[in-house]
Amino acid sequence: MASPPALCQAAQEQEYSAPKLNLTVADFDVVRRLGEGSFSTVVLARFRRDGREYAVKVISKNLVIRNKVIDYIRNERTILDRLHHPGIAQLHFTFQASARPPPSPPPSTARTRRDEESLYMGLEYCPNGELFEQLEARGKLPLADAVQWAAEVVDILDYLRSMEVIHRDLKPENLLIDAEGHLKLIDFGSAKAIFMPPTARRSGNRATSFVGTAEYVSPEVLNNTGISYASDLWALGCIIYQMLAGRPPFKGGSEYLTFQLVTARELEFPDGFPEAARDLVDRLLRLEPSERLGAAGLDDVRRHEFFAGVAWAGGARAANGAAP
Ligand code: ATP
């Protein structure tokens, strides 16, 4: 399989532009299931024409329409179409299709066919699972791994800011590990694109008012007092804490109790938590978004002593690799 940068290049050239190639499900062999989303199943699929593998998100149109989340799906596609960064799982193609109809159609053929209608999003495949699984399996990470992966997330957030995108659901489940052990961000359904006009942007909001995941959600999202790039910095603080403590900083017995811990900023560090990490996390987890380190630019985060050993030139992922 080609290296991720080569695949990114291919995407930029729209090598697999669906309208040009007229892709259908018959162009792919499904290898296995990779995961489940709320409205989709993600499968590993091999493109028959050249053997390349993709993570294909199969989104049931019926489910999307029933749950009134058409905008959510459109949002992810529109935003991903614009993003090209080694720390983001590249979108290579999209198409819509019905699965092949059964050989002898049942009586309600038309309905059956409509039921099978799906949207397909072909993403760069990340073979080493989620950061979440690493944390589950390993508990606390060695400091060097935490520094490296945190640095990679800083680069991703810097790029997103340059592209005027707030992810809004940054969490270990949405950080996948590629073949070289580097992180790639997925799941832009909840993302907010500042570049989109407000009418198109309503798409960034799910049917519910709460966007994100309890343990990583920022207080301003909970209090509905405005969202900014700094909301992703809050999530970064939570992830760095979790990588070094083996648990997220705010976790109650229920979502409601977790929200209470977040809004009250009930932040305690376990014994032995590295001093520089403690200072960084403390500065990222500020209730007031504008006071968070990095609110004025990610270089302020890069300069923190926690990242003293990181060579940032050419991107943190170029410097060294974290073993998966
Ligand atoms: P949600 O309901 O959280 O919004 P979703 O429908 O947007 O989910 P994703 O979170 O994008 O779906 O993907 C679901 C799962 O599929 C992921 O947690 C991951 O395990 C797997 N997956 C997604 N993209 C890839 C990829 N590019 N490579 C490998 N596995 C992937």
Is it true that a side-chain atom of Q90 and a backbone atom of L83 form a donor plus acceptor pair closer than 3.5 Å? yes
A245 and P270 have their tightest heavy-atom pair at CB-CG, 3.8 Å
How far does CZ of R82 sit from OG1 of T78, to the nearest 0.5 angstrom? 10.0 Å
Evaluate R138 against D145 for side-chain contact (heavy atoms from CB on, under 4.5 Å), listing each step before the verdict. CA-CA 12 Å; R138 297 162 70 186; D145 285 4; 2.7 Å; yes
According to the ring-ring contact (aromatic ring centres under 6.0 Å, His included) rule, which pairs have a member within residues 275-300, sequence neighbours left out? none
With distance as the sole test, does D178 use its side chain to make a donor-acceptor pair with the main-chain N or O of E180 at under 3.5 Å? yes
Return the CG to SG distance between L285 and C238, rounded to the nearest 0.5 Å. 5.0 Å
Kindly say whether I227 contributes a backbone atom to a donor-acceptor pair with the side chain of S231 at under 3.5 angstrom? no
Side-chain ion pair, R168 and D232, N-O less than 4.0 Å: no
Heavy-atom closest pair (G294 atom, V301 atom, distance to 0.1 Å) is CA-CG2, 3.5 Å
Taking 4.0 angstrom as the limit, do R74 and D71 come out as a salt bridge? yes
Name all residues meeting the side chain to side chain contact (heavy atoms under 4.5 Å, CB included) criterion together with V31; count only those two or more places apart in sequence or in a different chain, and write none if there are none. L44, R46, E53
Report yes if the side chains of L170 and I239 come closer than 4.5 Å at any heavy-atom pair, otherwise no. yes
Using side-chain heavy atoms (C-beta onward) and a distance below 4.5 Å, is E76 in contact with M121? yes
Working to the nearest 0.5 Å, report the span between OG of S38 and CD1 of I59. 11.0 Å
V262 and its side chain to side chain contact (heavy atoms under 4.5 Å, CB included) partner, picked from P249, S218, P219: P219
Path from L176 to V43 over hydrophobic side-chain contacts below 4.5 Å: no
Between G252 and T258, what is the shortest heavy-atom contact and its length? N-OG1, 2.8 Å
If you apply the rule side-chain contact (heavy atoms from CB on, under 4.5 Å), what do you find for S254 with F259, and how did you get there? CA-CA 9 Å; S254 66; F259 294 161; over 6 Å; no
Other than L257, which residues form its hydrophobic cluster under the rule that side-chain heavy atoms must be closer than 4.5 Å? Y256
With no hydrogens and no angle check, just 3.5 Å: does a side-chain donor-acceptor pair link E220 and T225? no
Contact check, side chains of R283 and R292, non-hydrogen atoms, under 4.5 Å: no
For E130, check salt bridge (charged side-chain N to carboxylate O under 4.0 Å, His left out) against everything at least two apart and list the hits. none
Could you pull out all residues at least two apart from A150 that satisfy side chain to side chain contact (heavy atoms under 4.5 Å, CB included)? I240, M243, F306, F307
Where the side chain of N128 meets the backbone of G181, is there a donor-acceptor pair that is under 3.5 Å apart? no
In this structure, CG of L119 is separated from CD of Q96 (nearest 0.5 Å) by 5.0 Å
By side chain to side chain contact (heavy atoms under 4.5 Å, CB included), which residues pair with E291, not counting sequence neighbours? R286, E288
Would you indicate whether the side-chain heavy atoms of L175 and V153 approach each other to under 4.5 Å? yes
Taking N75 for its side chain and A191 for its backbone only, find out whether a donor-acceptor pair lies under 3.5 Å. yes
Does W312 belong to the same Ile/Leu/Val/Met/Phe/Trp/Tyr cluster as L293, with side-chain heavy atoms less than 4.5 Å apart forming each link? yes
Taking only residues two or more places apart in sequence, or in another chain, which ones meet E215 in a salt bridge (charged side-chain N to carboxylate O under 4.0 Å, His left out)? K251
Report the residues that fulfil ring pair (Phe, Tyr, Trp, His ring centres under 6.0 Å) with F250, sequence neighbours left out, ordered by chain and then residue number. W234
Write down the atom of Y229, the atom of I166, and the distance for their closest heavy-atom approach. CD2-CG1, 3.6 Å
Tell me, please, which residues at least two apart from N174 pass side chain to side chain contact (heavy atoms under 4.5 Å, CB included). H167, D169, K171, L185, I186, D187
Test of understanding: with salt bridge (charged side-chain N to carboxylate O under 4.0 Å, His left out), list the residues that count as partners of R278, not counting sequence neighbours. none
For the hydrophobic clusters of this structure (ILVMFWY residues joined by side-chain heavy atoms under 4.5 Å, transitively), does one cluster hold both L261 and L287? yes
Could you pull out the closest heavy-atom pair between A295 and R161, with the gap in Å? O-NH1, 3.0 Å
Is R49 reaching over with its side chain to a backbone N or O of D27, donor-acceptor style, under 3.5 angstrom? no
Using side-chain heavy atoms (C-beta onward) and a distance below 4.5 Å, is R33 in contact with E36? yes
Pair F95-N22, side-chain contact (heavy atoms from CB on, under 4.5 Å): steps then yes or no: CA-CA 8 Å; F95 63 92; N22 203 15; over 6 Å; no
Under 3.5 Å donor-acceptor, H182 side chain and R317 backbone: yes
Is it possible for you to say whether M163 and L160 belong to one hydrophobic cluster, with membership spreading through side-chain heavy-atom contacts below 4.5 Å? yes
According to salt bridge (charged side-chain N to carboxylate O under 4.0 Å, His left out), who are the partners of R247, at least two apart in sequence or on a separate chain? none
Tell me the closest heavy-atom pair linking G87 and I156, and the distance in Å. O-CD1, 3.2 Å
Applying ring pair (Phe, Tyr, Trp, His ring centres under 6.0 Å), name anything that partners F269, two or more places apart in sequence or on another chain. Y241, F273
NZ (K57) and OG (S40) are apart, to the nearest 0.5 Å, by 5.0 Å
Can you tell if the side chain of L233 reaches within under 4.5 Å of the side chain of L298, non-hydrogen atoms only? yes
Taking atom types as modelled, is there a side-chain donor on Q242 or Y216 under 3.5 Å from an acceptor on the other? yes
Are any of the side-chain heavy atoms of L123 and L80 separated by less than 4.5 Å? yes
For a 4.5 angstrom cut-off between non-hydrogen side-chain atoms, does F39 reach V69? yes
Donor-acceptor check, side chain of E124 to backbone of A89, threshold 3.5 angstrom: yes or no? no
Quick check: does any side chain N or O of K192 sit under 3.5 Å from a backbone N or O of V165, one acting as donor and the other as acceptor? no
For F93, does its backbone N or O pair with a side-chain atom of Y120 as donor and acceptor, under 3.5 Å? no
Using the rule that Ile, Leu, Val, Met, Phe, Trp and Tyr join whenever any side-chain heavy atoms are under 4.5 Å apart, tell me whether F132 and L34 fall into a single cluster. no
Output for pair (E136 CD, L131 CG), nearest 0.5 Å, gives 10.5 Å
